[in-house]
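Contents: one structure, followed by commentary.
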Amino acid sequence: MVKRIISENYVKSRIPKGFNLEAARMVQRRLASMVATTPLRQPVDLVTGIDVAYRGNYAYSVAATYSMELNHVIEYGCYEGEVTFPYVPTLLSFRELSPMIRAFMRLKRRPQVVLIDGHGVAHPYRLGIAAHFGVVMGLPTIGVAKSLLYGEVKGSLIIDPSNGEVIGGVVGCGRHEVYVSVGNMITLNDALVLISRLCLRDRMPEPILYAHTMANRVKHSGCINALI
DNA sequence: GCGACAG
DNA sequence: ATCTTGTCGC
């Protein structure tokens, strides 16, 4: 239904002076080749959602670990710091990956799956931030986005217009819909089922919803005050 | 030819 | 994403 092709000229006009876009694309292609679409190898209880909020040149990221058995968050991880790269479509991970990893690393417990606010392989170079995070951390990840960046929606699937491959799916989340794609170490079907189960409220699955709320709280009160 | 474009 | 008042609804 929707078809999109990213303009590389637009990307070039937005990247910082001196940034080697060709090298970045090579890195994305290489990491994309390391994405695994293998089934999960353990039952899922702990699911961490990560989101980032901004104010000026500062980023506030939160990792919220949700227990599917207990139906609530068991732990938060937080990070706040200056951002070093602008928002450029297709290069989101160069801006948000570091803040996300720093918040995630503050968690004491390790989840079975990580949910990222953004796309997984539904990306022109097959390396959206969820896939980037998954490959770098060596963990199962799923990309959950509120709008489409790349691909063509046919029914409830997202198709790569360049080769016809299935790169993601659409899941109803309350009144809205979210675009789901594999990040790493999970199958698309498992990803779609899991996200559906976690869409208890509107807009986003629970773990990301909590991360989003807390990221905004951190933006106003700081890491220490917000998480106590 | 211009514009599209995750957060 | 963020900048922002009032306003609608539970």
Side-chain angles (χ1 to χ4, degrees), chain A residues 1-16 21 24-25 28 31-32 35 49-64 79-104 114-134 141-153 158 160-162 167-171 173-184 191 195 201-205 207-209 211-220:
Chain A
M1 217 62 102
V2 182
K3 194 179 200 175
R4 299 188 177 183
I5 307 255
I6 279 43
S7 164
E8 198 69 348
N9 289 319
Y10 176 77
V11 171
K12 287 179 181 175
S13 73
R14 303 219 49 189
I15 56 179
L21 182 58
R25 295 310 189 198
Q28 291 182 314
L31 293 180
V35 167
I50 308 179
D51 195 21
V52 185
Y54 295 92
R55 181 170 57 200
N57 242 38
Y58 274 83
Y60 308 84
S61 54
V62 168
Y79 168 80
E80 51 189 326
E82 200 165 356
V83 294
T84 60
F85 198 84
Y87 167 69
V88 182
T90 72
L91 295 175
L92 179 62
S93 54
F94 286 83
R95 176 178 173 79
E96 291 193 348
L97 187 60
S98 177
M100 284 185 172
I101 289 179
R102 287 172 185 273
F104 181 81
V114 178
L115 270 41
I116 304 287
D117 193 329
H119 292 286
V121 299
H123 176 282
Y125 291 85
R126 289 178 167 289
L127 194 82
I129 190 165
H132 200 151
F133 184 101
T141 60
I142 300 173
V144 186
K146 293 177 288 299
S147 63
L148 198 60
L149 167 71
Y150 175 77
E152 187 175 340
V153 176
I158 304 173
D160 186 334
S162 71
I167 54 178
V170 185
V171 170
C173 207
R175 190 171 71 121
H176 302 78
E177 292 187 319
V178 291
Y179 300 91
V180 178
S181 56
V182 168
N184 191 37
I195 295 304
R201 282 179 279 174
D202 207 25
R203 272 261 191 256
M204 277 284 147
I208 292 182
L209 221 43
H212 183 79
T213 300
M214 290 309 293
N216 280 302
R217 186 166 160 183
V218 165
K219 182 168 71 172
H220 295 294

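In what follows, every chain begins at residue 1, and chains take the letters A, B, ... in the order their sequences are listed.
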A:I208 near the nucleic acid: base, sugar-phosphate alone, or nothing, with a heavy-atom cut-off under 4.0 Å? nothing
A:I129 CD1 to B:dC5 C1', in whole Å, measures 16 Å
Positional range of nucleotides in DNA chain C within the contact set of chain A, heavy-atom, under 4.0 Å: C:dA1 to C:dT2
Would you please indicate yes or no on a ring centroid separation below 6.0 angstrom for A:Y79 and A:F104? no
I'd like to know if the side chain of A:T141 and the backbone of A:L115 have a donor-acceptor N/O pair within less than 3.5 Å. no
In whole angstrom, what separates A:Y10's OH from B:dG1's P? 21 Å
Could you summarise the pairing of DNA chain B as dot-bracket text, marking Watson-Crick and G-U pairs under 3.5 Å with ( ) or [ ] inside the strand and | across strands? .......
Measure from CG on A:L115 to P on B:dA6 and round the result to the nearest Å. 20 Å
Going by the angle between their ring planes, with limits at 30° and 60°, are A:F94 and A:H132 parallel, tilted or perpendicular? perpendicular
Between A:S181 (side chain) and A:G120 (backbone), is there a donor-acceptor pair under 3.5 Å? yes
Under 5.5 Å and under 30°: A:Y87 stacked on B:dG7: yes
Under 4.0 angstrom, heavy atoms only, what part of the nucleic acid is A:Y54 near: base, sugar-phosphate, or nothing? sugar-phosphate
Please give, in whole Å, the distance from B:dG3 P to A:R14 CZ? 14 Å
What is the distance from NZ of A:K146 to C1' of B:dA6, rounded to the nearest Å? 8 Å
When rounded to whole Å, the NE2 to P distance for the pair A:H119 and B:dG7 reads 6 Å
Are the side chain of A:K219 and the backbone N or O of A:Y54 linked by a donor-acceptor pair below 3.5 Å? yes
When you measure from the side-chain N and O atoms of A:S7 to the phosphate of B:dC2, is any distance below 4.0 Å, counting only OP1 and OP2? no
Reckon A:A53 touches a base, only the sugar-phosphate, or nothing at all at heavy-atom distances under 4.0 Å? sugar-phosphate
Step-by-step salt bridge (charged side-chain N to carboxylate O under 4.0 Å, His left out) determination, A:R102 to A:E80: CA-CA 9 Å; A:R102 287 172 185 273; A:E80 51 189 326; over 6 Å; no
